[in-house]
Amino acid sequence: MELLINLTVNGLATGMLIFLLASGLTLIFGLMSVLNFAHGGLFAWGAYSGIWIYTLSGSFAVGILGAIITGIILGFITEKLIITPVYGNHVQQILITLGFMLVLTEMLKVVWGPNQMAARVPSYLAGSWEFGDVLIIKYRLFIIFVGFLVFGVFQFILQRTKIGLIVRAGVMDKDMVQALGINIKRVFLYVFMAGSALAALSGVLFAPYSGVVYAEMGFEFAILAFIVVVIGGMGSFPGSLFAAILVGLAGSYMAYYVPALSLAVNMMLMAIVLIFRPQGLFTAKG
C-alpha cells in the first residue's frame with residue numbers, strides 16, 4: 001500500500017506538469033485550431049528564465065512570475081510574427097513552428113550556454129512528510145495543488161465569464177463574433193499568450209522537480225503534451241486534465257512494474273484511444 005501511494009503521488013505530480021503544458025496547447029490547438037509545435041520551446045524558455053530569475057532573486061515566487069512574463073512576451077511575438085501569416089493553413093503552421101522551435105532551442109544555448117542548469121527546490125517546499133511508512137514529498141504535492149488550481153481558474157474563465165463566452169463563440173463562428181463588434185483577432189492573441197504563459201509555468205515548475213534543465217527538454221515534453229491533447233479531446237480542458245493524469249499514472253506504474261514499457265505506454269494509450277474513440281475521450285464541451 002505504501003508503494004502504491006508513493007507511485008500514485010509521483011504519477012499525479014508528473015501528470016499535473018504535463019497538464020499545465022497541455023492545457024496551453026488545448027487553448028491554442030483545440031480552441032484556435034493552430035498547430036503550434038513551438039510550444040515545447042516556450043516550456044523550455046519558462047524553465048530557464050524562471051530558474052535564472054529564481055537564482056538571482058532568491059525567491060521562487062519571483063522566478064515563477066518571471067517565467068510567466070517570459071511566456072506572455074514570447075507568446076505575443078510568436079502569434080504576431082509566426083502564427084498570424086499562416087492562420088488556417090495547418091501544413092504551413094507545422095513547418096514554421098517546427099522551425100521556430102529549433103530557433104528557440106538554439107537561442108537558449110546562446111543566452112545561457114550549452115550546459116545543463118541546476119535547479120533546486122525552495123527550502124519551504126523541500127523535504128517530505130511521513131505518515132507511518134508512507135513518504136510524501138512536499139514539492140510534488142505543491143505541483144498537484146497548482147495543477148488543480150490552474151484547472152479550476154481556467155475552467156471558470158471559459159465557462160462562467162464574458163471573455164470565455166467570446167472565446168467559445170469565436171471558435172464556433174468567428175465571423176459572427178466579429179460582426180458584433182468584437183475584435184476576435186485580439187481575443188485570439190490573448191488566448192495564445194495565456195497558453196504560452198501556461199507552458200512557461202509548467203517549465204519553471206518542472207525544473208526543481210527534475211533538478212536540472214536543458215535546451216532539448218522542450219522536444220520531449222511537447223510530444224507528451226500533444227499525446228494528452230489527442231487522448232483528452234481537442235479543446236476540452238477536463239479532457240486534458242484527465243488524459244494528463246492517466247499518462248502520468250501509467251508512466252509511474254510502468255516505470256516500476258514493467259520498465260521496458262515505460263517509454264512506450266503513452267503511445268499505446270494514444271493508439272488505443274484513436275482506434276476506439278478518434279475524437280478523444282472528451283469533447284470540447286466535456
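Just so it is clear, the model here is predicted, and its values are computed rather than measured. We're numbering straight along the sequence, starting at 1.
- Panel note: side chain Tyr48, backbone Ala67; no donor-acceptor pair is recorded below 3.5 Å.
- Here the OG1 atom belonging to Thr70 is positioned 9.5 Å from the CG atom belonging to Leu65, to the nearest 0.5 angstrom.
- Within the model, atoms CG of Leu158 and CD1 of Ile166 stand 12.0 Å from one another, a figure rounded to the nearest 0.5 Å.
- Residues satisfying the ring pair (Phe, Tyr, Trp, His ring centres under 6.0 Å) criterion with Tyr139, sequence neighbours excluded, are Phe142.
- Side chains of Ser240 and Ser23: no donor on one and acceptor on the other come within 3.5 Å.
- Ring planes of Phe221 and Phe43: parallel class, angle under 30° (limits at 30 and 60°).
- More than 12 heavy atoms of other residues, nucleotides or ligands shown are found within 6.0 angstrom of OH on Tyr87.
- A continuous path of ILVMFWY side-chain contacts below 4.5 Å connects Ile223 to Leu35, so both sit in one hydrophobic cluster.
- Legend: residues meeting side chain to side chain contact (heavy atoms under 4.5 Å, CB included) with Phe148, ordered by chain and number and at least two apart, are Met16, Ile144, Leu241, Ile245.
- Rounding to the nearest 0.5 angstrom, the gap separating the CG atom in Leu104 from the CD1 atom in Ile77 is 9.5 Å.
- Judged by distance alone, with hydrogens and angles left aside, the side-chain atoms of Ser252 form no donor-acceptor pair with the main-chain N or O of Asn10 at under 3.5 Å.
- The closest donor-acceptor contact from the side chain of His39 to the backbone of Leu21 lies under 3.5 Å.
- Remark: the backbone N or O of Val213 is not paired with any side-chain donor or acceptor of Gln116 at under 3.5 angstrom.
- Contact record, Val212 with Phe206: O-CE2, 4.4 Å, taken as the closest heavy-atom pair.
- Ser202 places no side-chain N or O within donor-acceptor distance of the main-chain N or O of Leu20, the cut-off being under 3.5 Å.
- Electrostatic pairing of Glu79 and Lys185 does not count as a salt bridge here, judged by no charged N lying under 4.0 Å from a carboxylate O.
- Although no hydrogens or angles enter the test, the distance criterion places a donor-acceptor pair under 3.5 Å between the side chain of Gln93 and the main chain of Val86.
- Taking all atoms of both residues into account, the shortest heavy-atom contact from Gly24 to Leu198 is N-CD1, 3.9 Å.
- By the 6.0 Å contact criterion, OH on Tyr256 is open, its count of non-hydrogen atoms from other residues, nucleotides or ligands being 12 or less.
- When the side chains of ILVMFWY residues are joined at heavy-atom separations under 4.5 Å, either directly or via intervening members, Met101 and Leu25 end up in two distinct hydrophobic clusters.
- Evaluation of the salt bridge (Lys or Arg N to Asp or Glu O under 4.0 Å) rule for Lys138 yields no partner, not counting sequence neighbours.
- Under the 30°/60° scheme for interplanar angles, the aromatic rings of Phe154 and Phe237 are found to lie parallel.
- Cluster partners of Phe276 are Ile272, Ile275, counting Ile, Leu, Val, Met, Phe, Trp and Tyr whose side-chain heavy atoms approach within less than 4.5 Å, directly or via other members.
- Across Phe19 and Gly147, no two heavy atoms sit closer than the pair CE2-O, 3.5 Å.
- Note that the CD1 atom of Ile28 and the CD1 atom of Ile83 stand 8.0 Å from one another [nearest 0.5 Å].
- Note: Phe226 and Phe37 meet the aromatic proximity criterion, with ring centroids under 6.0 Å apart.
- Legend: residues meeting ring pair (Phe, Tyr, Trp, His ring centres under 6.0 Å) with Phe151, ordered by chain and number and at least two apart, are absent.
- In this view, Tyr124 and Phe60, Pro122 satisfy the side chain to side chain contact (heavy atoms under 4.5 Å, CB included) rule, not counting sequence neighbours.
- Remark: the Tyr253 side chain and the Thr8 side chain contain an N/O donor-acceptor pair separated by less than 3.5 Å.
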- Task: Output, in order, the C-alpha distance, side-chain angles, deciding distance and verdict of ring pair (Phe, Tyr, Trp, His ring centres under 6.0 Å) for Trp52 and Trp45.
- Result: CA-CA 10 Å; Trp52 179 66; Trp45 268 85; over 10 Å; no

